[in-house]
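Since the structure comes first, as structure tokens, the remarks are kept for the end.
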Amino acid sequence: ECTYIKAAAAQTIQPSNTIHPITGKLIKNTIRTSSSSNFDPVSRDCVIYAIDERIAAASGTNVDQGEPLNVLYYRIGEEYKFHHDYLPDTGKEKMTLLKESGQRKYTFLISMNEGYSGGETFFPDLNLMYRGQLGDALLFQNLHNDGSVNKLMRHAGLPLIKDCKWIASKWIREKKFAFGTPFYISSRSKN
């Protein structure tokens, strides 16, 4: 499955973006230097859908709460500096990113390859360094049960030292993910 996902994602991979905290627009940012691709409802086939269903079962959520499976590719020196996966709740994105689907409650990471050096996922406030084996997964909670932000989940994808790294990420919302939001439509038109 990991080989399949990497091959499918490689067809549309491009430099990764981040969401601007005020405008809500996708921008290039030196905080995130990887490349990425995702599988929306149009490009998601039965293999990807089966993986999405297993992620939902493992996280105790419904499959429709998940954003598209996002595949990240890191080359030597690339990284994703310290960040939280929850979305800003001010400005334009308050209307487009959070209103219909709610916040990113969980993050589910799948290790897609081995043999690289560096590139660990590091949670400094927990003093936790994570590197999975092929096919391993890590689930963490971006929000506390009361809906407040879990600040302990600040993390980074450390710089890659050798070879390349593939990882799949699934952000799971509080409610059904609305693919039709203006943000999502505009982000897909740029991909």
Side-chain angles (χ1 to χ4, degrees), residues 1-20 24-56 63 66-85 87 93 97 101 104 106-122 130-140 155-173 177 179-191:
E1 290 173 329
C2 291
T3 300
Y4 180 88
I5 293 169
K6 289 188 301 185
Q11 298 174 37
T12 57
I13 207 146
Q14 60 186 328
S16 298
N17 292 310
T18 60
I19 299 170
H20 190 279
K25 293 183 180 182
L26 289 175
I27 60 168
K28 301 283 185 272
N29 190 327
T30 56
I31 190 174
R32 186 179 189 194
T33 55
S34 62
S35 296
S36 60
S37 181
N38 66 52
F39 297 98
D40 62 24
V42 175
S43 62
R44 178 174 66 179
D45 62 19
C46 61
V47 174
I48 303 301
Y49 188 78
I51 291 166
D52 284 346
E53 285 187 318
R54 291 194 344 246
I55 291 170
V63 71
E67 293 183 31
L69 186 67
N70 188 34
V71 179
L72 302 167
Y73 175 68
Y74 293 85
R75 297 173 187 90
I76 293 173
E78 293 183 336
E79 65 183 320
Y80 196 167
K81 294 180 182 174
F82 288 110
H83 65 283
H84 289 94
D85 285 347
L87 298 168
E93 64 280 352
L97 295 176
S101 303
R104 287 176 171 168
Y106 300 107
T107 298
F108 195 94
L109 299 177
I110 304 169
S111 299
M112 307 285 291
N113 72 318
E114 298 174 303
Y116 57 87
S117 295
E120 296 90 350
T121 302
F122 178 48
Y130 175 77
R131 173 201 299 276
Q133 302 288 322
L134 179 66
D136 284 350
L138 174 68
L139 174 69
F140 58 93
H155 61 286
L158 297 180
L160 196 66
I161 297 169
K162 177 186 165 203
D163 208 356
C164 64
K165 172 187 171 184
W166 289 87
I167 194 164
S169 178
K170 181 72 138 177
W171 295 296
I172 303 167
R173 298 296 190 97
F177 180 66
F179 286 99
T181 61
F183 164 79
Y184 187 75
I185 292 168
S186 68
S187 71
R188 290 303 296 163
S189 66
K190 293 175 183 160
N191 288 338

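Remember, it's a predicted structure, so these values are computed and weren't measured experimentally.
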Atom pair CZ (R75) and OG1 (T33), whose distance is rounded to the nearest 0.5 Å
10.0 Å

Nearest 0.5 Å please: distance from the CZ atom of F108 over to the NZ atom of K170.
10.5 Å

Close side-chain approach of R32 and L72, heavy atoms under 4.5 Å:
yes

Mind listing the closest non-hydrogen atom pair of C2 and S111 along with its distance?
SG-O, 3.8 Å

Where is the tightest heavy-atom contact between I167 and I110, given as atom of each residue plus distance?
CG1-O, 3.1 Å

Tell me the closest heavy-atom pair linking K165 and T121, and the distance in Å.
NZ-OG1, 4.2 Å

Mind checking the CG-OG spacing from L160 to S34? Nearest 0.5 Å is all I need.
11.0 Å

Backbone N or O of L134 within a donor-acceptor pair of the E114 side chain at under 3.5 Å?
yes

Working to the nearest 0.5 angstrom, can you tell me the gap between I5 CD1 and M112 CE?
4.0 Å

Where H83 and K81 come nearest, the two heavy atoms and their spacing:
ND1-O, 2.7 Å

What's the spacing between Y74 OH and S35 OG if we round to 0.5 Å?
10.0 Å

Within the structure provided, determine whether Y130 and H155 are in side-chain contact (heavy-atom separation under 4.5 Å).
no

Between S16 and Y73, is there a side-chain heavy-atom distance shorter than 4.5 Å?
no

Side chains of W171 and N70: do they bring a donor and an acceptor to under 3.5 Å?
no

Let me see the working for F122 and F82 under side-chain contact (heavy atoms from CB on, under 4.5 Å), right down to the final yes or no.
CA-CA 9 Å; F122 178 48; F82 288 110; 3.7 Å; yes

Considering only heavy atoms from C-beta outward, does the side chain of R173 approach that of R104 to under 4.5 Å?
yes

Heavy-atom check, side chain of S169 versus side chain of T107, under 4.5 Å:
yes

State the CG-CG distance between D136 and L109, to the nearest 0.5 angstrom.
11.5 Å

Does any part of the side chain of E67, heavy atoms only, come nearer than 4.5 Å to the side chain of S101, both counted from C-beta?
no

At their closest point, which heavy atom of N113 faces which heavy atom of C164, and how far apart are they?
ND2-O, 2.9 Å

Do the side chains of F39 and V47 get nearer than 4.5 Å, heavy atoms only?
no

